[in-house]
Amino acid sequence: MLQPTQERLYSAKDAVMLTSVSVILNNAKDNAAELTEENENWNTTWFTAQLTRTTNAFKDILGIDPKKDQREATSLLKKIQAEALPLLSTFTLRLQVAIPYAARRKELLTLFGFTGFYAKAQKGDQLALIELLAKFKTNITAAITTEITATKHIKPTVITTLTGFADTLVQKNINQETFKQSSKVVTAAGVEELNAIYTDVVKDFSKLVFDFYKKKKSAKKGLFSFNEIKKAVQAATKGSDGGTPPPTPPTT
């Protein structure tokens, strides 16, 4: 049991931490059969209980009810995933013709996020897709757009559509209002519960699962990396101060 404290154990806003924890727990539920075989305490009952706990923390501690937004976000992300992946595949193929110099192609693919996130996105990793689209939108300047569309192998509408997906994810996939500073004061008891959630799910669970998949040389390890997931959540909520920890509350 954690002793009462006013200090967060995590370097992110409370809502970002809770969202990242929820992602980890949902990933765990998707892989419950394999995880339970490794450790009987890693089971659907525990994952569901912790998800309920995080939802309660959103409502009772932060004054946010995330359920409706989460349902809408899930539906929207699946729709964008289905539409964006074929378009991203077409983009990479046509870039080979549009940019004949291999070194320049590699530079652009790295700049746009393909090198780091495309393979994972193709395998269904939604967080990787968010990261890729966010980097694509950030780095596709007017000059680069002119460069890669000059040969007409890549249409400007393709670029507009992909950046539009990024805009939609930022505006609607993860509701930015959720990540703005809550008007509700978080008490010392609230901070204690947030720290306990972080400890139980991240320090005592996801780190062990990450090591489990790392030893197996499985790409699934990324599904349990709090830091990677937190970065993706912050990228998707850029502009809503998603990376700044909230002020320490007064003792109550």
Side-chain angles (χ1 to χ4, degrees), residues 20 23 26-27 30-31 72-176 210 213-214 216-225 227-240 242-243:
S20 302
V23 170
N26 277 303
N27 288 339
D30 289 342
N31 293 276
E72 292 177 352
T74 299
S75 176
L76 176 66
L77 185 50
K78 286 181 178 178
K79 181 176 182 294
I80 288 179
Q81 193 175 28
E83 295 176 3
L85 287 175
L87 200 58
L88 289 167
S89 176
T90 298
F91 180 87
T92 58
L93 291 172
R94 294 188 177 180
L95 190 69
Q96 295 182 39
V97 182
I99 306 295
Y101 305 105
R104 179 55 174 162
R105 282 201 308 271
K106 182 177 180 181
E107 180 184 3
L108 289 174
L109 289 172
T110 300
L111 186 68
F112 296 154
F114 283 85
T115 303
F117 303 106
Y118 184 53
K120 291 182 180 179
Q122 281 185 307
K123 293 177 180 177
D125 187 328
Q126 295 176 338
L127 292 167
L129 179 63
I130 292 172
E131 286 272 25
L132 196 163
L133 290 172
K135 287 183 73 70
F136 185 88
K137 174 179 168 53
T138 299
N139 295 320
I140 187 85
T141 64
I144 292 177
T145 298
T146 299
E147 176 188 359
I148 65 178
T149 59
T151 61
K152 303 189 185 306
H153 289 288
I154 296 176
K155 295 180 180 179
T157 53
V158 171
I159 295 169
T160 302
T161 302
L162 289 173
T163 56
F165 286 146
D167 287 335
T168 301
L169 286 172
V170 169
Q171 292 167 9
K172 296 180 181 179
N173 175 50
I174 300 178
N175 185 357
Q176 290 193 61
F210 180 90
Y213 280 117
K214 185 177 180 181
K216 295 180 67 172
K217 298 183 179 179
S218 170
K220 287 184 180 181
K221 67 180 187 294
L223 299 175
F224 300 94
S225 170
N227 287 332
E228 285 188 27
I229 292 169
K230 181 184 74 171
K231 281 175 57 181
V233 172
Q234 289 172 332
T237 58
K238 190 176 181 181
S240 59

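Ring orientation note: the planes of Phe114 and Phe91 are close to parallel, at an angle under 30° on the 30°/60° scale.
Using a 4.5 Å cut-off on side-chain heavy atoms (C-beta onward), Thr92 and Leu109 make contact. Residues Leu132 and Phe112 are not in side-chain contact: their nearest non-hydrogen atoms beyond the backbone lie 4.5 Å or more apart. Proximity of Asp125 to Phe117: side-chain heavy atoms (C-beta onward) are nowhere separated by under 4.5 Å. At a threshold of 4.5 Å between non-hydrogen side-chain atoms, the residues Ile140 and Leu162 do not count as touching. For the pair Asp30 and Leu223, the minimum side-chain heavy-atom distance is 4.5 Å or more.
Here the shortest heavy-atom pairing between Ile159 and Ile148 reads CD1-CD1, 3.7 Å. Taking each heavy atom of Ser20 and Lys230 in turn, the nearest pair found is OG-CA, 3.5 Å. Considering every non-hydrogen atom in both Glu131 and Lys231, the closest pair reads OE2-C, 3.6 Å. Contact detail for Ala166 and Ala134: the closest heavy-atom pair is CB-N, 4.4 Å. A pairwise comparison of heavy atoms in Gln81 and Gly124 identifies NE2-O, 3.3 Å as the closest pair. Scanning all heavy atoms of the two residues, the minimum distance from Leu129 to Ala84 falls at CD1-CB, 4.4 Å.
In this structure, the side chain of Gln122 does not engage the main chain of Leu85 through any donor-acceptor pair within 3.5 Å.
In this structure Gln96 satisfies the side chain to side chain donor-acceptor pair (under 3.5 Å) test with no other residue, sequence neighbours excluded.
The line from NE2 of His153 to CG of Leu93 is 13.0 Å long, rounded to the nearest 0.5 Å. In this structure, OG1 in Thr161 is found 6.0 Å from CZ in Phe165, a value given to the nearest 0.5 Å. The line from NZ of Lys155 to OG1 of Thr90 is 11.0 Å long, rounded to the nearest 0.5 Å. Note that OG1 of Thr110 is 8.0 Å distant from CD of Glu107, once rounded to the nearest 0.5 Å.
Taking a 6.0 Å sphere around CZ of Arg105, one finds it holds more than 12 heavy atoms contributed by other residues, nucleotides or ligands.
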Pair Val97-Thr151, side-chain contact (heavy atoms from CB on, under 4.5 Å): steps then yes or no
CA-CA 8 Å; Val97 182; Thr151 61; 5.8 Å; no
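Between Glu147 and Arg104 there is a salt bridge, since a side-chain N of the basic residue sits under 4.0 Å from a carboxylate O of the acidic one.
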